[in-house]
Amino acid sequence: MTAEVAVLNKLAVALAADSKVTIGRGAGGKTYDTVNKLFRLSKLEPVGIMIYGNAEFMGFPWETIIKQYRARLGARSMATVREYAEDFLEFTGNVLPISATDCLDYIRFLWRLEIQSIENEIQNDFLEKLRNDEKIDMISIVREITANYAGYFDSTPVIDSFEIYSSDNFEKRYGYQIEKCIQENLNQDVDDQSYSAIRHGLLQFTGRQAFSSLQSGLVVAGFGRDEFFPSLHHYRIDGKLSEGIRLISEHDIDTGRSDHVGEILPLAQTDMVNRFVNGIDDSIRERLRGIFRTELLDLAKSILVANSAPQDEDSIARAAERASEAIAQHLDKAMHKARQFENENFAGPMKSMVGLLPKEELANLAESLVNLTSLQRRVSWETESVGGPVDVAVISKGDGFIWIRRKHYFDAALNPTFNTTYLRDTMSKTGEESDEH
């Protein structure tokens, strides 16, 4: 796992990333504190990139992809950071040697994961009913779970990079392969109705924003040639099909002359940074919402029972349902007011101060927020999934990409040729040298 932070104001953007990686799962899992997650995207221009999540894309390490793109980019510059991001994604999707067979193997793997998830849910529902001595009807259990799965993705947005998407297109391309995958991997007996539901769900899953454990996060930030203020573009990416990359654009942050507020963007493991910035994180907020809803509904039922005739159970049930709807509406209003309070008293003032910070303080803040997450994992019973040296870079228009803190896997004194070869492909065009890797 990972903790990364981007901090922006008009002057610069600071990027910070930890170095922890976990290989394997459970008791056999290993962790190492040596992974690079923050890179220059250009050897010459003020643009950086961070990665989190899966360290590979379709079997290619992200570090290799980034450095191959950087070599291909050479001395070229682009007008905006968005152009750099889109060019990098185009390289990832269309230049890497990924075959149609690779794409099909990838989506088959995701389908198998989805089928396993459905079977696990069926098994868990069965065991829950068994523990509670409830009547067990396997056909009904399977039908309910598969029907929910079939409808889950219908309202999910289509993947951004699939410009032309329709169920008919995907049916023609993937229908037979989905049926084959179900037949080979589904161990649960299902009737025709449940089979059709699974098939429909897998078809919708393929072209919509429903990503797997294979996904990676990408953050491209800095300055384009024509930009006087920093910008940032954040994507989640989950493999490639013939139609294109399975991609979601998460955040687009553009600072400007009229913008006096800084931005703090936590990535990957965000809970501690959100607590620091907002005074509360999303999981606590949603837990409180659930507690309030349950308690208010119980209170409403108690009042209804106290004011109704004993035999009027149907009226109580109808009134309780109406009360539940009203409670949900009022909770929405209350949570909105709470978010306004958070912004006015916590996040808002902090971001205003971030908007005034010099470059050095942007770097200190980004590094401190990553270390805060690392410290919390270290002193709690949670898996210590964040740690190791924190790499920190500051990108500004005038100074370019500057490493504030950077770990090395080699001793620079023992590798004197490295610095001279770093700009080998671009020195003839720029006449510059570098002492950075």
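Just so it is clear, the values below take in all heavy atoms, side chains as well, and ignore hydrogens, waters and symmetry mates.
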TODO: Compare all side-chain heavy atoms of D254 with those of F229 and state whether any distance is below 4.5 angstrom.
DONE: no
- [ ] Count the heavy atoms of every other residue, nucleotide or ligand shown that sit under 6.0 Å from CZ of F276, and state whether that count exceeds 12.
- [x] no
Task: Closest non-hydrogen atom pair between L8 and V354, with its separation - done: O-CG1, 3.7 Å
- [ ] Check for a donor-acceptor pair, side chain of R70 on one end and backbone N or O of R40 on the other, with a separation under 3.5 Å.
- [x] yes
Task: Non-hydrogen atoms of V13 and A221 that approach each other most closely - done: CG2-CB, 4.2 Å
Task: Heavy-atom donor-acceptor pair, D18 side chain to V386 backbone, under 3.5 Å - done: no
- [ ] Could you tell me whether R287 atom CZ has more than 12 heavy atoms of other residues or ligands within 6.0 Å of it?
- [x] no
Task: Minimum heavy-atom distance between F211 and L247, given as atom pair plus value - done: CZ-N, 3.6 Å
Open item on the list: Just so I know, are the side chains of I395 and I402 near enough to count as touching, which here means a heavy-atom distance under 4.5 Å?
Closed with: no
Check residues 113-123 and write down every donor-acceptor pair under 3.5 Å in which the side-chain atom is one partner and the other belongs to a residue at least two apart or another chain.
| residue | atom | partner | partner atom | Å |
| --- | --- | --- | --- | --- |
| E114 | OE1 | Y149 | OH | 2.9 |
| E119 | OE2 | N187 | N | 2.4 |
| E119 | OE2 | Q188 | N | 3.0 |
| N120 | ND2 | Q116 | O | 3.3 |

- [ ] Would you check if the side chain of R246 reaches a backbone N or O of A210 as a donor-acceptor pair within less than 3.5 Å?
- [x] yes
Open item on the list: A side-chain contact here means heavy atoms from C-beta on lying under 4.5 Å apart; do I264 and L369 qualify?
Closed with: yes
- [ ] For atom CG of D411, decide whether the heavy atoms of other residues, nucleotides or ligands shown that lie under 6.0 angstrom number more than 12.
- [x] yes
Task: Flag, side chain of N148 to backbone of E144, donor-acceptor distance under 3.5 Å - done: yes
Open item on the list: Can you confirm whether I182 sits close enough to R199 that some side-chain heavy atom of one is under 4.5 Å from a side-chain heavy atom of the other?
Closed with: yes
TODO: Evaluate whether atom CZ of R378 has more than 12 neighbouring non-hydrogen atoms of other residues, nucleotides or ligands under 6.0 angstrom away.
DONE: no
TODO: Could you tell me whether the side chains of K37 and S19 share a donor-acceptor contact shorter than 3.5 Å?
DONE: no
Task: Salt bridge flag under 4.0 Å for residues R377 and D271 - done: yes
Task: Check ion pair R76-E45 (N to O, under 4.0 angstrom) - done: no
Open item on the list: Between the side chains of D252 and R82, is the shortest nitrogen-to-carboxylate-oxygen separation below 4.0 Å, so that they form an ion pair?
Closed with: yes
Open item on the list: Looking at S194 and T146, would you say the former's side chain and the latter's main chain have a donor-acceptor pair under 3.5 Å?
Closed with: no
- [ ] Decide yes or no for W403 and V392: does some side-chain heavy atom of the first lie under 4.5 Å from some side-chain heavy atom of the second?
- [x] no
Open item on the list: Using only atom types and a distance under 3.5 Å, with no angle test, would you say the side chain of D102 pairs donor to acceptor with the backbone of M58?
Closed with: no
Task: Side chain to side chain, C181 and R112, heavy atoms closer than 4.5 Å - done: yes
Task: Option from F223, Y84, F88 for which side-chain contact (heavy atoms from CB on, under 4.5 Å) with V47 holds - done: Y84
- [ ] Answer yes or no: is there a side-chain heavy-atom contact under 4.5 Å between F401 and V394?
- [x] no
Open item on the list: Under a 4.0 Å threshold between the charged nitrogen and the carboxylate oxygen, would D281 count as salt-bridged to R285?
Closed with: no
Open item on the list: Tell me whether the count of non-hydrogen atoms from other residues, nucleotides or ligands lying under 6.0 Å of CE in M353 goes above 12.
Closed with: no
Task: Nearest non-hydrogen partners of F126 and I141, listed with the distance - done: CA-CD1, 4.3 Å
- [ ] Indicate the ring-plane relationship of F91 and Y69, choosing parallel, tilted or perpendicular according to the 30° and 60° boundaries.
- [x] perpendicular
TODO: Return yes if some donor-acceptor pair links the side-chain N/O of T206 with the main-chain N/O of L202 below 3.5 Å, else return no.
DONE: yes
TODO: Report yes or no: does T270 contribute a side-chain atom to a donor-acceptor pair with the main-chain N or O of P266 at less than 3.5 Å?
DONE: no
Open item on the list: Strictly distance-based, threshold 3.5 Å: is any side-chain N or O of Q209 a donor or acceptor partner for the main-chain N or O of V158?
Closed with: yes
Task: R405 (side chain) donor-acceptor with D391 (main chain) under 3.5 angstrom - done: no
Open item on the list: Are there over 12 heavy-atom neighbours, none belonging to Y152, within less than 6.0 Å of that residue's OH?
Closed with: no
Open item on the list: Between E227 and K397, does any side-chain N to carboxylate O distance fall below 4.0 Å?
Closed with: no
TODO: Taking the side chain as every heavy atom from C-beta outward, state whether N9 and T255 have any atom pair closer than 4.5 Å.
DONE: no
Open item on the list: Please evaluate residues H200 and D154 with respect to the criterion side chain to side chain donor-acceptor pair (under 3.5 Å), reporting the C-alpha separation (whole Å), side-chain torsions for both, the decisive distance (0.1 Å), and the verdict.
Closed with: CA-CA 9 Å; H200 175 79; D154 287 342; 2.9 Å; yes
